Trainee: 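After the structure tokens below, expect a handful of questions from me.
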Amino acid sequence: MSTPINRSWQMSGFGLSRLSQVEGKVPEPGPHDLLVRTKAVSLNYKDKMIVDGVLIPDLAFPFVPTSDAVGEVVAVGSAVSRFQVGQRVLGQVIADWPDGDAPPVLHKHTLGSSLSGMLSDHVIFGEDAAVLAPPSLGDIEAATLPIAALTAWFAMAEATKPVPGQTILIQGTGGVSLFALQFATAFGLRAIVTSSSDEKLERARKLGAWQGINYRTQPAWDDAARELTNGLGVSHVLEMVGGDNARRSLNALAADGRLSIIGLLGAMELSFPILPFMRNRITVQGLSIGHRRAFERMNQAIEALAIKPVIDKVFGFDEVPQALQHLEKGPFGKIVITTT
């Protein structure tokens, strides 16, 4: 009887040239583990940063990258009680954060960074770090939820509570941003979306954006946002860039506004003046995805609200390098890799 082969994409060093497809054994689940046959894997920009050596420069090799996947449970450990063979599940990226406050050492048990990632035919989830996939979503759609959707949800529905009629400014049209736009629309918020593309802004309007600002043709997009709100400013900004961009985010905020730090596409540090921050009583929150209970609440909401993730492009399992390169093009929505 032949031994099942487990295909994986494995890093032997940094850079796409050091990422290659290998074959190995299917892993064995421990007593509290699920063995999951992956169906689809979605990419986040942090995955490319890890492959390029920007985010975790001391990463140990060999290493399987990426953190978001949906799959079918094909075996369970002897002590597993929460799941059964045949169920479709998603992994909780921060595996040791089931609820409440984050663990004291964040990202110590994180899929695709401190723990092995998802670019394999078979992966292991701890039963306490998995959730059922929403039944209304197909595999390609469901694979996009663990980071992009949960980050947007946590920023807008867990760390704070949405107030219908308030204005939120969402930067960009990547995965987190478009989930935020869809949640904002469902929550009754007025969403302003920024982008360098009029075509993407038009697509965002079709998803429910109240207004769009092209920051290439309107570099002072913060002033533009204030004009759209009659000089008051917006209640919440989702900061995706970092660096000096945070100055404009701060200026766009109304008094008692909230700045959610989510992305670092432009820089690894923030820069903004202290006085307006103090004078306007701005709340700044750093986001690191969210806990499993929030994931479960979000999936219930996705079902109830009939939200469908926005997919930019789908690649096959043999096209992982091309999929990672496509991230540089600024996708509208999520990039997904099928593993079947």
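Because the structure is predicted, anything quoted here is derived from the model rather than measured. FYI, side chains are in, hydrogens and waters are out, and symmetry mates aren't considered; it's all heavy atoms of this structure.
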Trainee: With Phe154 as reference, evaluate Phe179, Trp97, Phe295 under the ring pair (Phe, Tyr, Trp, His ring centres under 6.0 Å) test and give the passing residue.
Mentor: Trp97
Trainee: Once side-chain contact (heavy atoms from CB on, under 4.5 Å) is applied, do any residues pair with Pro98, and if so which ones, sequence neighbours excluded?
Mentor: Arg292
Trainee: Would you confirm whether Lys161, through its side chain, and Ala157, through its main-chain N or O, come within 3.5 Å as a donor-acceptor pair?
Mentor: yes
Trainee: Mind checking side-chain contact (heavy atoms from CB on, under 4.5 Å) for Val89 and listing every partner two or more places apart, or none if nothing turns up?
Mentor: Val36, Val73, Phe83, Phe125, Leu132
Trainee: So, Asp33 side chain and Gly77 main chain: donor-acceptor pair closer than 3.5 Å or not?
Mentor: no
Trainee: Would you please name every residue forming a side-chain contact (heavy atoms from CB on, under 4.5 Å) with Glu303, sequence neighbours left out?
Mentor: Pro134, Pro135, Ser136
Trainee: Testing Thr229, Leu238, Leu259, Val237 for side chain to side chain contact (heavy atoms under 4.5 Å, CB included) with Leu169, which one passes?
Mentor: Val237
Trainee: For residues 55-74, pull every pair meeting ring pair (Phe, Tyr, Trp, His ring centres under 6.0 Å), keeping only residues two or more places apart or in separate chains.
Mentor: Phe14-Phe61
Trainee: Going by salt bridge (charged side-chain N to carboxylate O under 4.0 Å, His left out), name the pairs with one or both residues in residues 189-200, residues two or more places apart or in two chains.
Mentor: Glu199-Arg203
Trainee: Taking ILVMFWY side chains as joined if any heavy atoms are under 4.5 angstrom apart, and letting links pass through other members, which residues group with Val22?
Mentor: none
Trainee: Less than 4.0 Å between a side-chain N and a carboxylate O, is that true for Arg293 and Asp99?
Mentor: no
Trainee: Hey, mind stepping through Thr194 and Gln171 against side-chain hydrogen bond (donor to acceptor under 3.5 Å, both in side chains) and telling me if it holds?
Mentor: CA-CA 5 Å; Thr194 65; Gln171 297 174 1; 5.7 Å; no
Trainee: Salt bridge check, Asp222 against Arg247: does any charged N sit closer than 4.0 Å to a carboxylate O?
Mentor: no
